[in-house]
Amino acid sequence: MRCLTERVLVIGLGLIGGSLASALRTRGICRTVIGYDRDKDELETGLRLGIVDEAAADLLAAAAQADVIVLAVPVKAIETVLAEILPVLRTETILTDVGSVKGNVVRSAIRLFGCVPNRFIPGHPIAGSEKSGVAAADATLFEHHKVIITPLPQSDSDAVTLIARMWQAVGAQVLQMDVERHDEVLAATSHLPHLLAFSLVDTLAQEQDCNDIFRYAAGGFRDFTRVAASDPTMWHDIGLANKQAILQKIDEFTAGVGRLRKAIETEDSVAMLGIFTRAKAAREHFSKILSGSAYTQNNMMTKDTTFYAQPGGQVQGTIRAPGDKSISHRSIMLGSLADGVTEITGFLEGEDSLATLQAFRDMGVVIEGPHQGAVKIYGVGMNGLRQPPGPIYVGNSGTTIRLMSGLLAGQSFDSELSGDASLSKRPMERVAKPLRLMGAQVETGENGCPPVKIKGGQALKAISYEMPMASAQVKSCVMLAGLYAEGETTVIEPAPTRDHTERMLRGFGYPVDVDGNKVSLAGGGSLKATKIDVPADISSSTFFMVAAAICPGSDITLEHVGINPTRIGVINILRAMGSNLELLNEREVGGEPVADIRIRYAPLTGIKIPEDQVPLAIDEFPALFIAAVCAEGETVLTGAEELRVKESDRIQAMVDGLKILGADIEGTPDGAIIRGSKMGGGVIESHDDHRIAMSFTIASLRATGNIEIRECANVATSFPNFIELAQHVGIRVRKEEK
């Protein structure tokens, strides 16, 4: 490690100061580490253990010569130490600290200096132990932990960079935050839990039978109260230094405990379940964030996932694809608005559907699960949703953001919907425009993309809306807004699109009239809870259908697949190309037709895809592009301009990727011309589009070289076990995550 600076003075050789000094010294991050502590024994121990290079007997002399000074003393002592060293500080010396309350540090600096010096960079390492003192120093303490620095507007950029690099050099992840926000966040996530642990142990210790309480305490009690073994003086100082933020969090916690007490006292099972399920979901999401596996608004947390597919193999067996994503979304939405308890089986536990589920939890709906596809929703009725605590983040889910725009337009509260980087490029004016015609106040972001901001309390009026292009999401958005509108809302489609919303509304007892390409409903009704069995998603099943259709020797059966007439374009197109495809055990479940689909290899022939089939297979075309390359002759797709505004420009993404593999293909404004040809290997950019990634995975069955597919993390949004199922049936693919 190259030296960052010459002389670093660490004032206060406790656990944090001693660990930092040891890490700086052992990693050679500076030329000389000087330690100072008012406790001479601690200072001598630090020198004897090799934690510091030099032990300073004279603080002022050491401070006068230091290039960087780290204040590692309790927060209430920082002002005293600053006052002591102020007369000898050089203008070029960089100051920082390790206190967990930054407002107190900043106020101390202002009282002494008149303002915060531009080379004073407040900092706070989020690391520690119940042990204290220099003997507990650990040079690895900060590895894989966060350090928050809180520079001010006047802070010197070179000083900020040096302090950040110093912490990075000892293994920490450095984040920046403003002072006030830091203290507010730490009051909630660190200070309050510590103080509660102290209070709980103190309360129980004063009971007459405390020996039995502590003797029989289980792991949960030990884990929760572990931090009560921390330094009492330090926490006394923190309690006073961050008084206002801590008091606010104590008040919020007290109110929460009061709600739980009332629920228990009145045996309010729904309220209790609401508290417990929301807490469980939040804790699980928190754990995922820590492991880097959760979708978050901060893309730094997203794993870099790559698929590596080898040529050859064939697909065999019987499998069931995950639950239908479209139906999973709608079951949560309508179940939340229904009166009574809705029970769902087969729910898709992908991140898109979970985003919808979490959104309704945030709006006060009690939801149990999901557990192995089972979900129980305690509906709040048409007007029972509550304002969420902040913007609703829906990750990569276009269905969630568009359908919920319609639903939220009818609520009494303001709301905001946002998504990840990919979703933030997708057009939202197509839903905003008809909602405005109904009287909603809707704002979209730059270029008509997310975020979507909706003002509550607007009186909606029914409209007759003729859609400029076929889109089930736009149709469903207008229909959901129509539930809250005065009069009868009608949507006229230019071509049939999936009708899951209409079917499910009827399943919840809400009258919907369908007359050819017109769908109508009257506002002001109610929904009645029901049971929903979500069929396997035909879009997810498509990848295995195409895999068997293109690969000699393949024979696969996909169980319990939804074959809604508005979704079977892929079946019709594959059959027209000559695929050996059978529908077995056809039946109806919860208003949705389902069947087992068996598909065996047969040579395919290129076709001109009928335009009336395009809306019925719009999500399946990336996989159908692969089928077309493997077919004899020419396949022509027209009327599919909608593909250019999906998670990616799917036409361009497939054209570019197939050309890399050597396929004969050319894109057109509304489709493509694909000629049967051989595919080699290559590196494919999926553009964070799950369907592009999965399509090129099945292409490996007919490729002659290895295919590397990048940016595959979003496969988890719709098909969380895709790789495992692909390997199970015989596709030679693996994934790597970084």
Original post:
Is it true that the side chains of Thr490 and Ser464 contain a donor and an acceptor less than 3.5 Å apart?
Top reply: no
Original post:
Run the side chain to side chain donor-acceptor pair (under 3.5 Å) check on Gln473 and Thr399 step by step: do they pass?
Top reply: CA-CA 6 Å; Gln473 292 180 356; Thr399 301; 3.2 Å; yes
Original post:
Going through the checks in order, is the side chain to side chain contact (heavy atoms under 4.5 Å, CB included) test met by Leu334 and Leu480?
Top reply: CA-CA 9 Å; Leu334 298 187; Leu480 290 174; 3.9 Å; yes
**OP:** Could you tell me whether Glu429 atom CD has more than 12 heavy atoms of other residues or ligands within 6.0 Å of it?
**Re:** yes
**OP:** Indicate yes or no for a side-chain donor-acceptor contact from Arg436 to the backbone of Val442 under 3.5 Å, with no hydrogens or angles considered.
**Re:** yes
Original post:
Side chains of Glu620 and Ser539: is there a donor and an acceptor less than 3.5 Å apart?
Top reply: yes
Subject >> Donor-acceptor pair between Asn517 and Glu493 side chains, under 3.5 angstrom >> reply: no
Original post:
With Asp649, which residues qualify under salt bridge (Lys or Arg N to Asp or Glu O under 4.0 Å), at least two apart?
Top reply: Arg644
Original post:
Heavy-atom distance under 4.5 Å between the side chains of Glu736 and Arg734, does that happen here?
Top reply: yes
Subject >> Closest non-hydrogen atom pair between Ala627 and Leu574, with its separation >> reply: CB-CD2, 4.3 Å
**OP:** Given side chain to side chain contact (heavy atoms under 4.5 Å, CB included), test Met545 with Ile571 step by step and report yes or no.
**Re:** CA-CA 9 Å; Met545 292 162 61; Ile571 292 175; 3.9 Å; yes
Original post:
Under 3.5 Å, is there a donor-acceptor pair between the side chain of Ser700 and the main chain of Ala309?
Top reply: no
**OP:** Determine yes or no for a side-chain-to-main-chain donor-acceptor pair under 3.5 angstrom, with Gln411 supplying the side chain and Leu407 the backbone.
**Re:** yes
Original post:
Is it true that atom CD of Glu582 has more than 12 heavy atoms of other residues, nucleotides or ligands lying nearer than 6.0 Å?
Top reply: yes
Subject >> Neighbour count above 12 (heavy atom, 6.0 Å) for Lys608 NZ >> reply: yes
**OP:** Measure the shortest side-chain to side-chain distance between Glu634 and Ile674 over non-hydrogen atoms and say whether it is less than 4.5 angstrom.
**Re:** no
Subject >> Polar contact flag, side-chain donor to acceptor under 3.5 angstrom, Arg732-Gln310 >> reply: no
Subject >> Modelled atom types, side-chain donor and acceptor of Thr638 and Glu611, under 3.5 Å >> reply: yes
**OP:** May I ask you to decide if Gly553's main-chain N or O and Gln316's side chain share a donor-acceptor pair within less than 3.5 Å?
**Re:** yes
Original post:
Which pair of heavy atoms, one from Pro322 and one from Asn721, lies closest together, and at what distance?
Top reply: CG-OD1, 3.6 Å
Subject >> Stepwise side chain to side chain contact (heavy atoms under 4.5 Å, CB included) test for Arg426 and Val645 >> reply: CA-CA 6 Å; Arg426 299 183 65 182; Val645 291; over 6 Å; no
Subject >> Side chain Gln727, main chain Val733, donor-acceptor under 3.5 Å >> reply: yes
Original post:
Do the side-chain N and O atoms of Thr557 and Arg598 include a donor-acceptor pair separated by under 3.5 angstrom?
Top reply: no
Subject >> side chain to side chain donor-acceptor pair (under 3.5 Å) between Thr306 and Arg710, intermediate numbers included >> reply: CA-CA 5 Å; Thr306 303; Arg710 296 178 176 172; 5.8 Å; no
**OP:** For Leu437, enumerate each residue passing the side-chain contact (heavy atoms from CB on, under 4.5 Å) test, keeping only those at least two apart in sequence or located in another chain.
**Re:** Ile463, Tyr465
**OP:** Determine, step by step, whether Tyr308 and Asn706 satisfy the side chain to side chain contact (heavy atoms under 4.5 Å, CB included) criterion, reporting the C-alpha distance in whole Å, the side-chain angles of both residues, the deciding distance to 0.1 Å, and the verdict.
**Re:** CA-CA 7 Å; Tyr308 296 92; Asn706 294 331; over 6 Å; no
Original post:
Hey, is the main chain of Arg600 close enough, under 3.5 Å, to the side chain of Asn580 for a donor-acceptor pair?
Top reply: no
**OP:** Using only heavy-atom distances, determine whether the side chains of Ser677 and Asp664 contain a donor-acceptor pair under 3.5 Å.
**Re:** no
Subject >> Lys475 versus Thr497, side-chain donor and acceptor atoms under 3.5 Å >> reply: yes
Subject >> Polar side-chain atom of Thr697 near backbone of Ala693 as donor-acceptor pair, under 3.5 Å >> reply: yes
**OP:** Enter the distance from Met679:CE to Leu701:CG here, rounded to the nearest 0.5 Å.
**Re:** 8.5 Å
Subject >> Heavy-atom pair of closest approach, residues Ser353 and Ser328 >> reply: OG-CB, 3.8 Å
Subject >> Under 3.5 Å: donor-acceptor pair, side chain of Glu349, backbone of Gly373 >> reply: yes
Subject >> Point-to-point distance, once rounded to the nearest 0.5 Å, from CE of Met694 to SG of Cys712 >> reply: 9.5 Å
Subject >> Gap between atom CG of Leu505 and atom CE of Met333 - 0.5 Å precision >> reply: 12.0 Å
**OP:** Step by step, work out the side chain to side chain donor-acceptor pair (under 3.5 Å) result for Glu592 and Asn564.
**Re:** CA-CA 6 Å; Glu592 289 282 348; Asn564 185 296; 3.0 Å; yes
Original post:
How many angstroms lie between atom CZ of Phe543 and atom CZ of Phe696, to the nearest 0.5 angstrom?
Top reply: 11.5 Å
Original post:
Near Glu446 CD, under 6.0 Å, is it more than 12 heavy atoms from other residues, nucleotides or ligands?
Top reply: no
Original post:
Cut-off 3.5 Å, side chains only: do Tyr393 and Gln358 have a donor facing an acceptor?
Top reply: no
Original post:
Going by distance alone, is a donor N or O of one side chain under 3.5 Å from an acceptor N or O of the other, for Asp352 and Asn396?
Top reply: no
Subject >> Side chain Ser695, main chain Arg691, donor-acceptor under 3.5 Å >> reply: yes
**OP:** State whether a side-chain donor-acceptor pair under 3.5 Å links His687 with Glu711.
**Re:** no
**OP:** Find out whether Val683 and Ile660 are in side-chain contact, i.e. whether some heavy atom of one side chain is under 4.5 Å from a heavy atom of the other.
**Re:** no
Original post:
Salt bridge between Glu351 and Lys325, side-chain N to carboxylate O under 4.0 Å?
Top reply: no
Subject >> From Tyr601 atom OH to Cys630 atom SG, the distance as rounded to the nearest 0.5 Å >> reply: 8.5 Å
**OP:** Say whether, by atom type as modelled, one donor and one acceptor occur between the side chain of Asp324 and the main chain of Ile327 under 3.5 angstrom.
**Re:** yes
Original post:
Closest heavy-atom contact between Gly323 and Leu348?
Top reply: O-CB, 3.4 Å
Subject >> Charged N-O contact under 4.0 Å between Asp619 and Arg650 >> reply: yes
Subject >> Nearest-0.5 Å distance, NE2 of residue His728 to CD1 of residue Ile723 >> reply: 14.5 Å
**OP:** Can you establish whether the number of heavy atoms outside Glu466 located under 6.0 Å from its atom CD is more than 12?
**Re:** no
Subject >> Residues Ser326 and His500: side-chain donor-acceptor under 3.5 angstrom >> reply: no
Subject >> Within-4.5 Å side-chain heavy-atom neighbours: Val375 and Ile332 >> reply: yes
Subject >> Basic-acidic side-chain contact under 4.0 Å: Arg567, Asp537 >> reply: yes
**OP:** Considering non-hydrogen atoms only, spot the tightest contact between Ile731 and Ala547 and give its length.
**Re:** CD1-CB, 4.5 Å
**OP:** Verify the distance criterion only: is there a donor paired with an acceptor across the side chains of Ser422 and Asp420 at less than 3.5 Å?
**Re:** no
Original post:
Between Arg675 and Glu666, is there a side-chain N and carboxylate O pair less than 4.0 Å apart?
Top reply: yes
